[in-house]
Amino acid sequence: MARMIIAGVSETNRDQMSRLLASSGFSVYRCCASESSLRRALAECDDCILIYLGIIPDCTPDDLVWDYGNRLQILWIAKSNVLESCDSPEVFRLSLPTSGQTVLGALEMLNQLHQRKMPRRTGAEKELVEQAKQMLMKQLHITEPEAHHLMQKQAMDHGIKMTEYAEKIVKRGP
């Protein structure tokens, strides 16, 4: 799942959004109140979904799309007259007032889009995953799909990429 960054000048709005996400199983990577803190967070995070609340002085969603491109998905939540100022078709917009369910639905959709944009494994990474699957199949007497599912689940449970988990299996050995 992509990391979530919440940006907005209102501490109350950031806290409300953070609670909504936490209650629905999303984890918040960072909350930002200014352009500088937002840009620092984006520099630290290779891939994320940005929940942009209202207006942040000197930092528009259009600027962020221009500067960060495919690295992030943006959900902008604001009044309709404010949303009209955005030219980027890449920015997903929700007009206030909106419900928590609508926000969560939009985030689910953006997370799925984001996962599709994630870079694919290299040849070496594919070989590593295959090697780890073969080891699991032999050790646990399971099928290839079962080994793949087990590796996916364990990697997700530990919050790491599947290739990182595969590397641990291969290093551990038979």
Side-chain angles (χ1 to χ4, degrees), residues 1-122 125 148-149 151-165:
M1 182 174 291
R3 296 178 184 174
M4 304 283 171
I5 295 177
I6 300 171
V9 292
S10 166
E11 184 175 359
T12 302
N13 291 346
R14 290 190 317 269
D15 289 345
Q16 285 176 339
M17 183 59 64
S18 187
R19 283 193 303 276
L20 173 67
L21 296 180
S23 71
S24 300
F26 287 102
S27 102
V28 175
Y29 175 69
R30 181 92 33 92
C31 288
C32 306
S34 67
E35 176 190 15
S36 60
S37 65
L38 174 57
R39 289 193 182 271
R40 274 193 306 276
L42 291 171
E44 294 169 7
C45 189
D46 288 337
D47 63 320
C48 65
I49 294 175
L50 170 61
I51 302 153
Y52 190 99
L53 306 172
I55 300 171
I56 297 176
D58 301 322
C59 183
T60 68
D62 286 326
D63 294 337
L64 297 171
V65 168
W66 179 260
D67 293 340
Y68 298 98
N70 287 7
R71 286 188 40 211
L72 80 150
Q73 298 288 329
I74 300 174
L75 171 60
W76 190 12
I77 304 171
K79 293 183 179 177
S80 58
N81 63 327
V82 172
L83 296 175
E84 291 171 2
S85 67
C86 183
D87 294 327
S88 298
E90 295 91 352
V91 176
F92 190 83
R93 302 167 187 103
L94 286 178
S95 180
L96 290 174
T98 191
S99 71
Q101 285 304 105
T102 301
V103 171
L104 294 173
L107 288 173
E108 282 293 338
M109 182 205 58
L110 288 174
N111 190 51
Q112 289 176 9
L113 286 171
H114 186 74
Q115 294 303 324
R116 289 184 181 190
K117 287 184 176 182
M118 293 296 289
R120 300 286 177 199
R121 290 189 188 110
T122 65
E125 291 171 330
H148 184 85
H149 179 73
M151 288 177 59
Q152 271 185 327
K153 183 177 181 340
Q154 290 296 318
M156 287 174 56
D157 288 349
H158 291 92
I160 60 175
K161 293 180 180 180
M162 194 160 150
T163 51
E164 291 176 53
Y165 188 72

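None of the values given here were measured: they were computed from a predicted structure.
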(request) Please examine the side chains of Met162 and Glu125, heavy atoms only from C-beta on, and report whether any two atoms are closer than 4.5 Å. (result) no
(message) To the nearest 0.5 Å, what is the distance between OG on Ser24 and CG on Leu107?
(response) 9.0 Å
(message) Can you tell me how far apart CD1 (Ile77) and CZ (Arg93) are? Round to the nearest 0.5 Å.
(response) 13.0 Å
(message) Can you give me the closest heavy-atom contact between Asp62 and Cys86, atom names plus distance?
(response) OD1-SG, 3.3 Å
(message) For a 4.5 angstrom cut-off between non-hydrogen side-chain atoms, does Leu38 reach Arg30?
(response) no
(request) For residues Val91 and Leu83, determine if any side-chain heavy atom of one lies less than 4.5 Å from a side-chain heavy atom of the other. (result) no
(message) I'd like to check Leu64 versus Cys59 (side-chain heavy atoms, cut-off strictly below 4.5 Å). Are they in contact?
(response) yes
(message) I want to check something: taking the side chain as every heavy atom from C-beta on, are Trp66 and Glu90 in contact at a cut-off of under 4.5 Å?
(response) no
(message) Using the side-chain contact (heavy atoms from CB on, under 4.5 Å) criterion, which residues pair with Ser36? Sequence neighbours excluded.
(response) Ser34, Arg40
(request) Would you indicate whether the side-chain heavy atoms of Arg39 and Asp67 approach each other to under 4.5 Å? (result) yes
(message) With rounding to the nearest 0.5 angstrom, report the CD1 to CZ distance, Ile49 to Phe26.
(response) 7.0 Å
(message) Rounded at 0.5 Å granularity, tell me how far NZ in Lys153 sits from NE2 in His148.
(response) 14.5 Å
(request) Would you give the length of the straight line joining atom CZ of Arg3 to atom OG of Ser27, rounded to the nearest 0.5 angstrom? (result) 8.5 Å
Let me check something: any side-chain donor-acceptor pairs from residues 11-22 under 3.5 Å, sequence neighbours excluded? List them with distances.
{"residue": "Arg14", "atom": "NH1", "partner": "Gly8", "partner atom": "O", "Å": "2.6"}
{"residue": "Arg14", "atom": "NH1", "partner": "Val9", "partner atom": "O", "Å": "3.3"}

(message) Which residue is it: Val28, Leu42, Ile51? I am looking for the one with a side chain to side chain contact (heavy atoms under 4.5 Å, CB included) to Ile5.
(response) Leu42
(message) Working to the nearest 0.5 angstrom, can you tell me the gap between Glu108 CD and Gln101 CD?
(response) 10.5 Å
(message) Given 3.5 Å as the limit, does a donor-acceptor pair link the side chain of Trp76 with the main chain of Leu53, or not?
(response) no
(request) Report yes if the side chains of Tyr68 and Leu50 come closer than 4.5 Å at any heavy-atom pair, otherwise no. (result) no
(request) Answer yes or no: are there more than 12 heavy-atom neighbours, outside Asn81 itself, under 6.0 Å from its atom CG? (result) yes
(request) Over all heavy atoms of both residues, which pair between Thr60 and Tyr52 is shortest? Give the atoms and the distance, please. (result) CA-OH, 3.9 Å
